[in-house]
Amino acid sequence: MANNKKRVVIIGGGAGGVVLANRLPKDEFDITIIDKQPYNYFLPWLLYIASRLQETH
């Protein structure tokens with residue numbers, strides 16, 4: 001069976017790269033993510049710190 005998927009290479013496995021990879025339809029794209037780090041430590045609370053979205057009471 002022929003593979004008619006388009007190949008996509010995403011450089012960077014940070015939040016943007018991972019979001020892009022998850023938004024592309026898996027049945028249409030063959031996705032490869034390349035990153036210099038062997039592991040991705042996604043720490044969601046760092047987004048709140050970086051964007052100053054802290055709750056104040």
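This chain uses plain numbering: 1 for the first residue, then up along the sequence. Hydrogens, waters and symmetry mates play no part in the numbers below; they use all other heavy atoms, side chains included.
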Taking the side chain as every heavy atom from C-beta outward, state whether Leu24 and Val8 have any pair of such atoms under 4.5 Å apart.
yes
Side chain proximity check, Val9 to Ile34, heavy atoms < 4.5 angstrom:
yes
Rounding to 0.5 Å, atoms CG (Asp35) and CD1 (Ile11) come to a distance of 9.0 Å
When rounded to the nearest 0.5 angstrom, what is the spacing between CG in Asp30 and NZ in Lys6?
13.0 Å
More than 12 heavy atoms of other groups within 6.0 Å of Lys36 NZ:
no
Between Lys26 and Ile31 (side chain of the first, backbone of the second, donor and acceptor by atom type, cut-off under 3.5 Å), is there such a pair?
no
